[in-house]
Every structure is written in C-alpha cells, then in structure tokens.
Amino acid sequence: MKLILFLSLLLPAMPALTQSCNEALLLQKTGTWKKGMPGSRGGTVAEIQKEKKTLEAIHNMVKSGYTPMGLEAGYQEAFLAADPATPVNGYYYSIIPLNYYCDGYALKTAHESSSWFQVAANFFDAEIFSTPDLSQLSSGTGYHYIRDLPAEKEGIFIFPETDASLGFGLKGKTYRWLVTYDKQLPFSLVTRKEFLETRKKILANSQVQTAAGIKDLLSQKEIEKKFKETEYKSAPEKLNKYLRMDYGVIKERYEKQQADLAKNYAPAFAKIEAALQAPAAEMAQPAIVKSDPHDPLSYLFTDDSDPFGEVLIKPNPGYFNKKLPRSYPQFFLITLTGNQKEPVAAKFIAGIQQALLFPALKAMLGKAPGNSAVQTGTSAKSLIP
C-alpha cells in the first residue's frame with residue numbers, strides 16, 4: 001500500500017522533471033563562472049604578477065557585462081615565454097564556454113566546445129617583430145603576411161568576419177579586433193615597391209643557388225664516372241653502355257639546364273623591372289600578392305578580396321614605447337569564434353560582444369597594470385558590420 005502511494009506521488013512529478021531539462025529551458029538557465037588551471041608561465045615572477053592584474057581587469061570588465069546562460073564559462077590566463085628580441089611580453093585571457101546539456105532528466109556540462117574567446121596582450125597571430133633573413137632566401141616573398149587587411153573604425157581595427165571550421169563538420173564565424181595606440185598598427189604594411197625590390201634579391205639568390213646546385217650535380221657525376229671506369233675496367237661494353245645511357249644523358253641534361261638558366265630567369269626579372277616603372281602612388285600601395293599560377297618564379301598583385309592573397313607585413317618598431325616595462329600592455333588582439341546557428345553559442349557570442357568595451361581596453365594601453373578601466377563606451381557589438 002505504501003509502495004503504491006509512493007509511485008502515485010512520483011509519477012506525476014516525472015513530466016515536471018522532463019520539462020526542467022530541455023533545449024529551450026537550457027537557454028534560460030543562468031550559467032556559472034569557473035576559473036581553469038593557469039596556462040604557460042613565461043616571464044619573471046614580478047612581471048607575471050603585474051600581467052595578472054591586467055588580466056583580472058579584463059575578466060572584471062567581461063564579467064560585469066556578461067552573464068553566462070546555458071553554459072559554464074571556463075576562463076583561463078596564460079603568460080607566454082619572454083623573447084628578448086621583442087620589446088614586450090605576451091599574455092592572454094580566454095574563455096572556453098562549455099554548454100549544458102540534458103542527459104535524461106539530469107543536467108550535465110559538456111567537456112569540449114567549438115566556441116572560444118580570447119583577449120591577448122602584446123601578442124599577434126602572425127610574426128610582427130622580425131622579417132625572414134633575406135640572405136638565406138631563394139623563394140617566397142621575403143615577408144610574413146596576414147590574410148586580411150583590418151579596417152579602422154572609431155579608433156579600433158576590425159578584421160573581416162571569416163568562416164571558421166569548428167570540427168565535426170560544423171561551420172561558424174570568427175571575429176577579430178585590434179585595440180592599439182591612436183589608430184596605429186603594431187606592424188607595418190609592406191609597399192609594392194618594397195616587395196618588388198626584395199623579390200628581385202630573392203630571385204637573384206635563387207638563380208645563384210640553382211646554378212651552384214647544377215654545378216654540384218655535374219661534379220658528382222664526374223666522380224661517379226671515375227668509379228665506374230674503375231669498376232668496368234675489364235668490361236668495356238658495360239662501361240660504354242653506362243657512358244652512353246647514363247652518364248652522357250644526365251650530363252647533357254644538366255649542361256642544358258646550366259646553359260638555359262639565365263634565359264629561364266630572364267622573364268621573371270623583366271616582369272619585376274616592368275612593375276617597378278609604375279607611378280609612385282601605385283608603388284606605395286600595400287603589397288597584396290599571390291603566386292603566379294603560370295610562372296613559378298613570379299608573383300601577381302591582387303586585392304584583399306582574393307582568398308589566395310597575402311597581405312605582406314613587416315615590423316613597426318616605432319609603435320612600441322621601449323621605455324615601458326615589458327609587462328605593460330601595448331596592444332590587444334581580440335578573437336571570438338563560435339557557431340551562430342547553435343542557440344547557446346549564439347547567445348555567448350552576442351553576450352561577449354556586448355560586454356567587450358573598447359574604451360576600457362584602450363585605457364589599459366601603456367599604463368601600469370591594474371589601473372581602473374573605463375567601463376562605458378563603444379562595445380564590440382556596435383562595431384560588427
């Protein structure tokens with residue numbers, strides 16, 4: 001009798017449990033913040049302590065404007081290895097949102113995510129502090145590159161929204177912003193003239209190295225010939241066959257390559273010289289290039305809409321105030337990636353964009369870490385095209 005009464009009380013409650021865990025209600029469930037294990041720990045102890053204050057200020061800015069919904073917001077800090085060749089230390093704050101999901105009537109937290117958010121101080125995802133060693137180059141452009149030109153708006157550099165592969169066949173979007181000093185970039189754009197002059201040097205290196213390689217191959221073939229003459233000393237037929245079918249054929253091929261080398265490189269040099277005759281205004285434009293599909297020794301100028309275009313960059317040492325401690329933030333790169341078609345992720349993206357206040361980040365640049373930041377003003381949400 002008691003068992004029947006217990007079941008009668010339990011069964012009506014089961015629909016309520018089902019309703020308490022479904023996708024629609026997950027979106028309305030307030031999430032939690034969870035601090036993760038610290039990442040890499042580069043830099044001195046004193047530097048890390050100062051950098052932590054900057055990251056704490058960033059966390060407080062985000063937390064004051066964003067409430068996790070339907071997820072656990074796992075946040076982490078990391079401090080990159082100090083590089084004496086750079087004027088600043090790199091470090092970052094990141095959030096990995098782990099969605100809640102229903103496992104029967106139970107609410108559980110996922111162990112992985114296709115969304116992420118990061119504010120990186122003094123770090124850029126392309127090399128901006130050095131250029132390749134031109135004396136060692138025999139191919140390529142001679143510069144590092146980025147895929148897209150950022151556009152400046154209200155003092156913030158905005159990169160074009162790009163498609164992101166999130167794994168498991170999912171697609172999403174990536175948003176990126178640069179917060180910098182006074183509408184300056186922490187790197188410089190390479191001009192067309194600079195690229196052409198550099199490319200001419202690389203092409204000359206390539207010709208010299210190719211000639212040296214052919215000469216070395218011919219020398220090796222002569223050494224091989226001497227060994228074969230000794231090996232086939234008592235077998236003249238084998239020696240004649242080797243000289244005719246192997247040595248002679250290969251030597252002729254390499255000698256032809258040697259003779260044709262200057263002629264083969266001449267068109268590429270001519271294209272560079274012709275391009276250098278363009279008006280000065282054209283030569284001053286940013287170099288956005290791609291390999292010439294019809295000429296492996298040449299490049300073509302293109303524009304930023306070309307998915308194969310490389311926007312060439314070089315260091316901008318004048319951007320950095322080298323009198324400041326290495327721990328001070330001198331620019332921020334912000335990255336936000338997620339699946340806009342998944343409701344919880346879409347809410348995360350919109351919430352972070354609203355909470356991310358650019359004036360607060362600008363107020364931190366070149367300042368002692370931990371200074372109070374402005375908590376009003378332009379948000380990332382308002383700068384989404």
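No hydrogens or angles considered: a donor-acceptor pair under 3.5 Å links the side chains of Gln220 and Asp216. Remark: the Ser206 side chain and the Ser138 side chain contain no N/O donor-acceptor pair separated by less than 3.5 Å.
A salt bridge between Lys225 and Glu229 is present, with a side-chain N of the basic residue lying under 4.0 Å from a carboxylate O of the acidic one.
For Tyr247, the ring-ring contact (aromatic ring centres under 6.0 Å, His included) criterion is met by no residue, not counting sequence neighbours. Thr30 meets the side-chain contact (heavy atoms from CB on, under 4.5 Å) test with Thr67, Met69; sequence neighbours excluded. In terms of the ring-ring contact (aromatic ring centres under 6.0 Å, His included) criterion, residue partners of Tyr319 (sequence neighbours excluded) are, by chain and number, Tyr181. When the ring-ring contact (aromatic ring centres under 6.0 Å, His included) test is applied to Phe301, the partners found at least two apart in sequence or on another chain are Phe195. Among residues two or more places apart in sequence or in another chain, the side-chain contact (heavy atoms from CB on, under 4.5 Å) test is passed with Asp246 by Lys221, Glu224, Tyr242, Ile250. Under the rule for a side-chain contact (heavy atoms from CB on, under 4.5 Å), the partners of Asp103 that lie at least two apart in sequence or sit in another chain are Tyr101, Lys108. With sequence neighbours left out, His59 forms a ring-ring contact (aromatic ring centres under 6.0 Å, His included) with Trp33, Tyr75, Tyr93.
Looking at every heavy atom in both residues, Tyr328 comes nearest to Lys367 through CD2-O, 3.2 Å. Among all heavy-atom pairs drawn from Thr198 and Thr141, the shortest one is CG2-O, 3.8 Å. Nearest heavy-atom pair, Arg199 versus Ile272, reported as atom, atom and distance to 0.1 Å: CG-CD1, 3.8 Å. Closest heavy-atom contact between Ile146 and Ala126: CG2-CB, 3.9 Å. For the residue pair Pro293 and Leu300, the shortest heavy atom distance occurs at CD-CD1, 4.1 Å. In terms of heavy-atom proximity, Gly31 sits nearest to Tyr100 at CA-OH, 3.6 Å.
Apart from Trp116 itself, the hydrophobic cluster it occupies contains Ile96, Leu98, where clustering links Ile, Leu, Val, Met, Phe, Trp and Tyr at side-chain heavy-atom distances under 4.5 Å. Clustering of Ile, Leu, Val, Met, Phe, Trp and Tyr by side-chain heavy atoms under 4.5 Å joins Leu137 with Leu134, Ile202.
Atom CG of Asn122 and atom CG of Leu333 lie 11.0 Å apart (nearest 0.5 Å). Atoms CD1 and OH, from Ile313 and Tyr143 in turn, are 12.0 Å apart once rounded to the nearest 0.5 Å. Here the CD atom belonging to Glu342 is positioned 5.0 Å from the CG atom belonging to Asn99, to the nearest 0.5 angstrom.
Without hydrogens or angle criteria, Arg326 side chain to Thr86 main chain gives a donor-acceptor distance under 3.5 Å. A donor-acceptor pair under 3.5 Å is formed between the side chain of Asp304 and the backbone N or O of Leu149. Judged purely by atom type and a 3.5 angstrom limit, Ser219 has no side-chain atom pairing as donor or acceptor with the backbone of Lys215. Arg41 places no side-chain N or O within 3.5 Å of a backbone atom of Ala78 that could act as its donor or acceptor partner. In terms of modelled atom types and a separation under 3.5 Å, the side chain of Gln76 and the main chain of Met37 share a donor-acceptor contact. In this structure, the side chain of Gln330 engages the main chain of Asn321 through a donor-acceptor pair within 3.5 Å. Judged by distance alone, with hydrogens and angles left aside, the side-chain atoms of Thr335 form no donor-acceptor pair with the main-chain N or O of Gln118 at under 3.5 Å. Looking at Glu310, its side chain never comes within 3.5 Å of a backbone N or O of Leu312 through a donor-acceptor pair.
Residues Val62 and Tyr175 share a single hydrophobic cluster, defined by chaining ILVMFWY side chains whose heavy atoms lie under 4.5 Å apart. Hydrophobic clustering places Phe332 together with Leu356 (ILVMFWY residues linked when any side-chain heavy atoms are closer than 4.5 Å, directly or through intermediates).
The ring-ring contact (aromatic ring centres under 6.0 Å, His included) analysis of residues 251-285, with sequence neighbours excluded, yields no pairs.
Leu178 has its side chain within reach of Phe124: a pair of non-hydrogen atoms, C-beta onward, lies under 4.5 Å apart. By the 4.5 Å heavy-atom criterion applied to side chains, Asp163 and Lys171 are not counted as neighbours. Between His144 and Ile128, the closest side-chain pair of non-hydrogen atoms is not below 4.5 Å. Proximity of Leu243 to Leu239: side-chain heavy atoms (C-beta onward) are separated by under 4.5 Å at one or more points. Residues Val311 and Asp148 form no side-chain contact, since every pair of their non-hydrogen atoms from C-beta on lies 4.5 Å or further apart.
Around NZ of Lys347, the count of heavy atoms belonging to other residues, nucleotides or ligands within 6.0 Å exceeds 12. Heavy atoms from other residues, nucleotides or ligands lying under 6.0 Å from NZ of Lys52 number more than 12.
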In residues 274-291, what donor-acceptor pairs under 3.5 Å come from side-chain atoms, sequence neighbours left out?
residue	atom	partner	partner atom	Å
Gln277	NE2	Glu273	O	3.2
Lys290	NZ	Asp306	OD2	2.9

Listed pairs under 3.5 Å, donor-acceptor, residues 183-192 side chains, sequence neighbours left out:
residue	atom	partner	partner atom	Å
Thr191	OG1	Glu194	N	3.1
Thr191	OG1	Glu194	OE1	3.4

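Between Phe320 and Phe129, the distance from one ring center to the other falls under 6.0 angstrom.
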